[in-house]
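Below: one structure, written as C-alpha cells.
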Amino acid sequence: NQVGDLDVTDHLTIDGGGSTLSAASLDRAVHVRSTTADLSGLVVTGVTTYGVTAEASALSLFEVEVRDAPYSGVALFGGSLDLRSTTIARSGSQGVVAQGPGTLKISDSTIADGGSTAIQVSGGVSATVIAASVAGEKDAFVVKQALPQLRVRDEWLATPDRAETE
C-alpha cells in the first residue's frame with residue numbers, strides 16, 4: 001500500500017524458514033484484510049504500532065516471533081486468530097488485542113510484554129488453561145477456555161458454556 005506494509009487481500013501462505021520480516025519503521029509489517037493468511041517461520045520486527053493486524057479475517061501464526069511492537073504484537077479486529085508455538089515479546093502494553101466478534105486460539109505460545117506474561121499450561125482435559133501475570137501486580141491469574149471435545153482417547157463432547165458454572 002502507500003506506506004509500504006504488506007497488505008493481504010487474497011489468501012496468503014508464507015513459510016519464512018526463520019527469516020526476519022522487518023517493517024523498517026512502518027506502522028505494521030502485515031495487514032490482513034477480509035481474507036485468510038497462514039504465516040510460519042518468521043520473526044516480525046521494526047514496526048511503529050502493531051506487528052501483524054487482521055480485520056474480518058482468519059489469521060494463523062505458527063512458529064512466529066513478533067517483537068518490539070509499541071502498541072501490540074498481534075491485533076485482531078473481527079475474525080479468528082490461531083497462535084501456535086508463537087512468541088509475542090516486548091510489544092507495548094498489549095501482546096495480543098482481540099476486538100469484535102471472533103475466536104482466539106492460543107496453544108504452546110508465550111506472550112511476554114513489559115513484564116506481563118501469558119503462558120499456556122500443559123495438561124488440561126476439559127479446557128485450555130493460561131497462566132498470566134500483569135506487570136506491576138503481585139497476583140497472577142488463570143484463564144480457562146472450555147473445550148467442546150475433551151482431550152481423551154474416546155469422543156467425549158461437552159458444551160463449552162459449562163465454563164460459566166465451573
What pair of heavy atoms forms the shortest contact from [X] to [Y], and how long is it?
X: A69; Y: G51; value: CB-N, 3.7 Å
X: G46; Y: S22; value: CA-OG, 4.2 Å
X: D27; Y: T48; value: CA-OG1, 3.1 Å
X: D154; Y: Q149; value: O-NE2, 3.6 Å
X: A37; Y: V32; value: CB-CG2, 3.8 Å
X: S72; Y: G95; value: OG-O, 3.3 Å

For residues [X] and [Y], determine if any side-chain heavy atom of one lies less than 4.5 Å from a side-chain heavy atom of the other.
X: T86; Y: V74; value: no
X: D68; Y: V47; value: no
X: V8; Y: V30; value: yes

Query raised in the report: Hey, is the main chain of R33 close enough, under 3.5 Å, to the side chain of T9 for a donor-acceptor pair?
Result: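 No, the answer is negative, given that no donor and acceptor are paired below the 3.5 Å cut-off.
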Query raised in the report: Is it true that a side-chain atom of S57 and a backbone atom of E55 form a donor plus acceptor pair closer than 3.5 Å?
Result: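 Confirmed, S57 side chain pairs with E55 backbone.
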Query - Partners meeting side-chain hydrogen bond (donor to acceptor under 3.5 Å, both in side chains) with S80 (sequence neighbours left out) - result: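 Not a single residue meets the side-chain hydrogen bond (donor to acceptor under 3.5 Å, both in side chains) criterion with S80.
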Report task. Give a yes-or-no answer on whether the side chains of T53 and R28 include a donor-acceptor pair shorter than 3.5 Å. Result ->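 Note: T53 and R28 side chains meet the donor-acceptor criterion.
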Query raised in the report: Does a donor on one side chain sit under 3.5 Å from an acceptor on the other, for H11 and T36?
Result: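 T36 and H11 do have a side-chain donor-acceptor pair below 3.5 Å.
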Query - side chain to side chain contact (heavy atoms under 4.5 Å, CB included) evaluation trace for T103 with L81 - result: CA-CA 6 Å; T103 59; L81 174 60; over 6 Å; no
To the nearest 0.5 Å, what is the distance between [atom1] ([X]) and [atom2] ([Y])?
X: R84; Y: K105; atom1: CZ; atom2: NZ; result: 8.0 Å
X: I106; Y: S85; atom1: CD1; atom2: OG; result: 12.5 Å
X: S40; Y: I14; atom1: OG; atom2: CD1; result: 9.0 Å
X: T45; Y: R67; atom1: OG1; atom2: CZ; result: 5.0 Å
X: L59; Y: D38; atom1: CG; atom2: CG; result: 8.0 Å
X: Y50; Y: L76; atom1: OH; atom2: CG; result: 11.5 Å

Requested in this report: Please say which of T87, V66, V96 ends up in a side chain to side chain contact (heavy atoms under 4.5 Å, CB included) with I111.
Outcome: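 Of the listed residues T87, V66, V96, the side chain to side chain contact (heavy atoms under 4.5 Å, CB included) partner of I111 is V96.
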